[in-house]
Amino acid sequence: MSKKLNPQLQHNIREDACCETHLEPAQLFCDNDQVTLCGKCLQSQEHKNHMVYGIQEAAENYRKLFQEILNTLRMKLDVAKSILTDEQERMRVIQEEEQNFKTMIESEYSMQFRLLSEENELNFLRLLNHLNRFATELEEKSQEMLQRLHFLGRENMNKLKESEVKISEQLCSLQRIISELKNKCAESALTLLRIATFLNRSESLLLQCLEPAHITDLSSCQVRGMNPMLPVLQRHITLDPETAHPCLVLSEDLRKVRIRNIQQGKPCHPGRLDFSATVMGLESFTSGRHYWEVDVEKATKWQLGISEDSADRRGNMPEASKVLLTGSLMGTSYTFWVFPPLKKVCLRKQMLKVGVFLDYEYGQISFYNVTERSLVYNFSSLTFQGVLRPIFSLCIPNGDMDSDSLTISLPHVPS
């Protein structure tokens with residue numbers, strides 16, 4: 001039932017509900033003109049062909065209408081509360097994301113400058129000018145990226161704060177009109193018809209659009225380009241068969257791992273990872289810088305990273321001993337996460353090849369989108385103790401992922 005009521009309705013209904021023209025009791029209500037009528041008024045041409053109800057019936061109609069509006073307003077109130085909570089959470093997240101990106105940008109450019117400096121120490125005189133020029137470029141890129149990050153962060157925060165104020169105001173209005181309508185529904189028939197103008201205020205609230213603020217994705221601040229020294233640091237990584245989960249099948253050259261549903265009958269080995277479809281790299285690191293690349297195009301859910309080595313890895317490996325990047329295809333969309341702590345990465349497109357960089361002494365692990373030549377995420381200021389090994393994981397299959405595979409790339413051959 002939908003009506004557009006005259007704002008002057010309450011003035012058209014007299015306090016004594018008596019017809020002004022015929023001075024007889026007003027027992028009827030004209031829905032078209034929104035006025036009370038007596039029996040003689042009904043016989044006039046003025047109200048001919050109009051929708052006329054008895055006072056009680058008209059009041060009941062409006063009670064039902066008010067109840068429908070109340071239900072709709074309550075649903076809108078729940079939506080407003082949810083959006084307000086989300087906006088407040090997004091403000092917290094955007095501050096955290098900005099700080100994360102700032103740390104990543106500073107760490108990545110610091111690493112690039114460090115590698116360049118050490119490379120050129122061996123060829124100091126020949127490449128001194130090149131070093132100075134490139135160092136200046138790195139500093140300019142770093143500052144430019146940090147300034148853009150700061151601008152986007154402040155812009156997003158302002159949008160979220162404006163949205164918070166707007167949603168809070170709508171929330172108060174909804175709560176107020178809901179309370180008023182709820183009380184009016186309990187009024188007598190004539191009183192209810194006098195206050196039907198609340199519909200106009202309710203309509204305006206119902207028409208107001210409730211939506212979260214549109215903010216800019218900070219992924220536009222991803223560091224572009226990869227350090228030219230990374231190919232020099234690329235290692236020949238192979239897979240360790242003794243740590244492979246029974247769901248996994250390794251290639252003869254130990255560079256490719258694929259998954260299948262039927263677990264192979266393998267003898268128990270203290271190094272086997274039984275908690276997920278995981279295999280570790282055969283190579284281990286206790287110092288230095290190392291880089292490798294993995295083709296992930298043929299995997300729908302995968303994990304890559306670094307794990308602390310252990311003499312006995314049966315059962316669950318402690319989560320704190322791993323640094324991981326996870327990629328997952330959900331429907332037609334890709335999502336990416338890093339750990340620890342578990343955090344979503346602002347990427348939408350599928351990655352075809354992932355680069356992993358480890359700097360043991362400086363406590364840094366970086367993940368790269370090799371195809372796009374950009375930084376995905378990096379961890380800095382980590383503290384490593386003991387042996388570190390590459391780790392590769394595929395999701396344990398549920399019947400439709402037999403073809404999933406990961407392939408470790410061979411090191412680049414200098415031209």
Side-chain angles (χ1 to χ4, degrees), residues 1-88 162-213:
M1 182 177 180
S2 177
K3 302 184 186 306
K4 183 69 175 178
L5 298 185
N6 188 332
Q8 300 302 317
L9 175 61
Q10 57 188 353
H11 300 298
N12 295 337
I13 304 175
R14 293 175 50 201
E15 287 296 326
D16 55 5
C18 188
C19 173
E20 292 182 355
T21 305
H22 305 105
L23 301 179
E24 293 188 5
Q27 298 177 336
L28 303 170
F29 183 77
C30 176
D31 204 45
N32 296 70
D33 295 332
Q34 298 172 13
V35 294
T36 54
L37 307 174
C38 68
K40 291 182 180 180
C41 292
L42 182 60
Q43 298 171 5
S44 68
Q45 291 294 318
E46 183 181 355
H47 298 287
K48 186 178 180 181
N49 300 323
H50 285 187
M51 295 295 295
V52 178
Y53 302 92
I55 289 291
Q56 294 298 329
E57 183 182 3
E60 186 60 29
N61 288 340
Y62 279 107
R63 272 198 188 90
K64 290 179 180 178
L65 178 59
F66 283 0
Q67 194 59 52
E68 291 174 7
I69 293 174
L70 272 173
N71 292 337
T72 304
L73 287 173
R74 286 188 179 114
M75 287 191 290
K76 195 147 190 167
L77 179 65
D78 290 339
V79 172
K81 288 179 178 179
S82 177
I83 293 177
L84 181 61
T85 301
D86 289 344
E87 296 297 75
Q88 292 168 343
E162 291 174 5
S163 177
E164 181 187 31
V165 172
K166 179 181 176 181
I167 298 297
S168 296
E169 292 174 350
Q170 290 176 314
L171 193 61
C172 291
S173 298
L174 285 166
Q175 290 172 326
R176 185 169 57 252
I177 197 69
I178 286 173
S179 178
E180 292 176 5
L181 282 174
K182 187 177 178 180
N183 292 332
K184 299 303 181 184
C185 281
E187 300 283 0
S188 65
L190 288 172
T191 305
L192 179 68
L193 292 174
R194 290 192 188 100
I195 52 81
T197 46
F198 277 105
L199 280 175
N200 292 322
R201 292 166 57 197
S202 301
E203 278 186 338
S204 65
L205 281 173
L206 289 171
L207 292 174
Q208 286 181 5
C209 181
L210 292 173
E211 59 179 20

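This structure is a prediction, so every number in the text was calculated from the model and none was measured.
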For this session: Only counting residues at least two apart or in another chain, list the ones meeting side-chain contact (heavy atoms from CB on, under 4.5 Å) with V165.
Result: E169
Seminar exercise, completed: When rounded to the nearest 0.5 Å, the distance separating CG of L174 from OG1 of T72 is 11.0 Å
Problem set entry | Closest non-hydrogen atom pair between L28 and C38, with its separation | CD1-O, 4.0 Å
Problem set entry | Under 3.5 Å donor-acceptor, T85 side chain and K81 backbone | yes
For this session: State, with a plain yes or no, whether a side-chain heavy atom of L73 is found less than 4.5 Å away from one of F66.
Result: no
Exercise. So, for L37 and C30, which heavy atoms are closest and what is the spacing to 0.1 Å?
Worked result: CD1-CB, 3.7 Å
For this session: Working to the nearest 0.5 Å, report the span between CD of E68 and NZ of K64.
Result: 9.0 Å
Seminar exercise, completed: d(L77 CG, S82 OG) to nearest 0.5 Å is 11.0 Å
For this session: Measure the CD-CZ distance between Q56 and R63 for me, rounded to the nearest 0.5 Å.
Result: 7.5 Å
For this session: Give, for atom CD1 of I167 and atom CD of Q170, the distance between the pair rounded to the nearest 0.5 Å.
Result: 4.5 Å
Problem set entry | Residue pair L70 / Q67, side-chain heavy-atom distance below 4.5 Å | yes
Exercise. Atom CG in L171, atom CG in D78: separation rounded to 0.5 Å?
Worked result: 10.0 Å
